[in-house]
Amino acid sequence: MRIVCIPYIPGLLAFREMAVLGPIIARLRNQVDLYVVDGHGIAHPRRFGIASHVGVVSDTPSIGVAKKRLYGKEIAEGPLRLLVGDNGEKIAAIIESSRGKEIYVSPGHRISLDSAVRLVKSMLKPGSRLPEPTRIADAVSKRIRREVKRTGIARPGFIECSSSMSLDRFFG
DNA sequence: GCGACAG
DNA sequence: ATCTTGTCGC
């Protein structure tokens with residue numbers, strides 16, 4: 001749990017959220033085989049989304065699983081739906097779940113697109129849209145936030161950023 | 001100048 | 001993403 005100090009800007013998600021993921025990565029050092037990140041991997045304007053960022057910082061294989069497209073042109077390769085970059089590189093696969101709701105799977109770090117798709121599919125549960133790691137983490141974080149909001153009591157791990165940390169002069 | 005735009 | 005009222009399907 002952290003207070004974030006940078007606004008959300010498409011393409012710069014890691015600027016905002018690595019403040020939260022960084023400490024987690026440090027605490028889990030040498031205990032993680034694969035990171036499944038809520039956001040894109042190389043399906044990014046600079047081929048380096050937050051999933052790639054997490055993989056490089058942790059030196060661990062990582063996959064990006066996003067709910068919406070950020071970058072890339074959609075093409076059809078037979079029955080498959082893919083996202084290709086400006087150079088034609090396949091940067092993501094679009095997997096459709098139950099009702100039209102799709103997810104974008106892209107390599108983060110140290111993994112191929114094929115392996116990423118195979119692994120994510122193995123983590124999908126019938127009826128739900130997101131892979132189990134993401135779905136569970138999302139549910140847990142939302143539940144804890146609601147509880148903190150209701151009781152006003154934060155649990156250990158809560159760290160504030162400097163009150164003077166205003167980045168409005170950099171953005172907006 | 002006009003769209004597009006992870007969470 | 002968040003907020004929020006009512007509503008649809010399992």
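Since the structure is predicted, the reported quantities are computational estimates derived from the model, not experimental observations. So that the names make sense, note that chain A is the first sequence line, chain B the second, and so on, each numbered from 1.
The existence of a salt bridge linking A:D138 and A:K142 is confirmed by a sub-4.0 Å separation between a basic side-chain nitrogen and an acidic carboxylate oxygen. A salt bridge is defined here as a Lys NZ or Arg NE, NH1 or NH2 lying under 4.0 Å from an Asp or Glu carboxylate O, and A:K67 with A:E102 fails to meet this definition. Salt bridge A:K101/A:E96: absent, no basic N to carboxylate O contact under 4.0 Å. Ionic pairing of A:E74 and A:R81 is present here: one or more N-O contacts between side-chain nitrogen and carboxylate oxygen are shorter than 4.0 angstrom.
Taking the ring pair (Phe, Tyr, Trp, His ring centres under 6.0 Å) definition, one finds that A:H53 meets it with A:F48, sequence neighbours left out. For A:Y35, there are no side chain to side chain donor-acceptor pair (under 3.5 Å) partners two or more places apart in sequence or in a different chain.
Rounding to the nearest 0.5 Å places CZ of A:R2 at 14.5 Å from CZ of A:R16. Taking OG of A:S58 as the reference point, atom NE2 of A:H109 lies at 7.0 Å (rounded to 0.5 Å). Summarising the geometry, atom CG belonging to A:L124 is positioned 8.5 Å from atom CG belonging to A:L130; distances are rounded to the nearest 0.5 Å.
With pairs defined as Watson-Crick or G-U wobble and both atom distances under 3.5 Å, not a single stem of at least three pairs touches DNA chain C.
Annotation: side chain of A:I94 is not in contact with side chain of A:L82 (no heavy-atom distance under 4.5 Å). Between A:L70 and A:P45 the shortest side-chain heavy-atom distance falls below 4.5 Å. In this structure, A:I95 and A:Y104 have side chains that are not in contact, with every pair of non-hydrogen atoms separated by 4.5 Å or more.
An OP1 or OP2 oxygen of B:dA6 is reached within less than 4.0 angstrom by a side-chain nitrogen or oxygen of A:Y8.
Environment of CZ in A:R47: sparse, with no more than 12 heavy atoms of neighbouring residues, nucleotides or ligands closer than 6.0 Å.
Contacts between residues 35-54 of chain A and DNA chain B, defined by a heavy-atom separation under 4.0 Å, are made by A:D38, A:G39, A:H40, A:H44, A:G49, A:I50. Near DNA chain B, meaning a heavy atom under 4.0 Å from it, residues 56-76 of chain A has A:A66, A:K67, A:K68, A:R69, A:L70 in order of number.
Protein atom NZ of A:K101 is 14 Å distant from nucleotide atom P of B:dA6, rounded to whole Å. One atom, CG of A:L83, and another, P of B:dA4, lie 15 Å apart when rounded to the nearest Å. In this structure, OH of A:Y104 is placed 15 Å from C1' of B:dG7, rounded to the nearest angstrom. Between the CD1 atom of A:I6 and the C1' atom of B:dG7 there is a distance of 14 Å, rounded to whole Å. Taking atom CD of residue A:E17 and atom C1' of nucleotide B:dA6, one finds them 9 Å apart after rounding to whole Å.
The span of DNA chain C lying next to chain A, judged by atoms under 4.0 Å from heavy atoms, is bounded 5' to 3' by C:dA1 to C:dC3.
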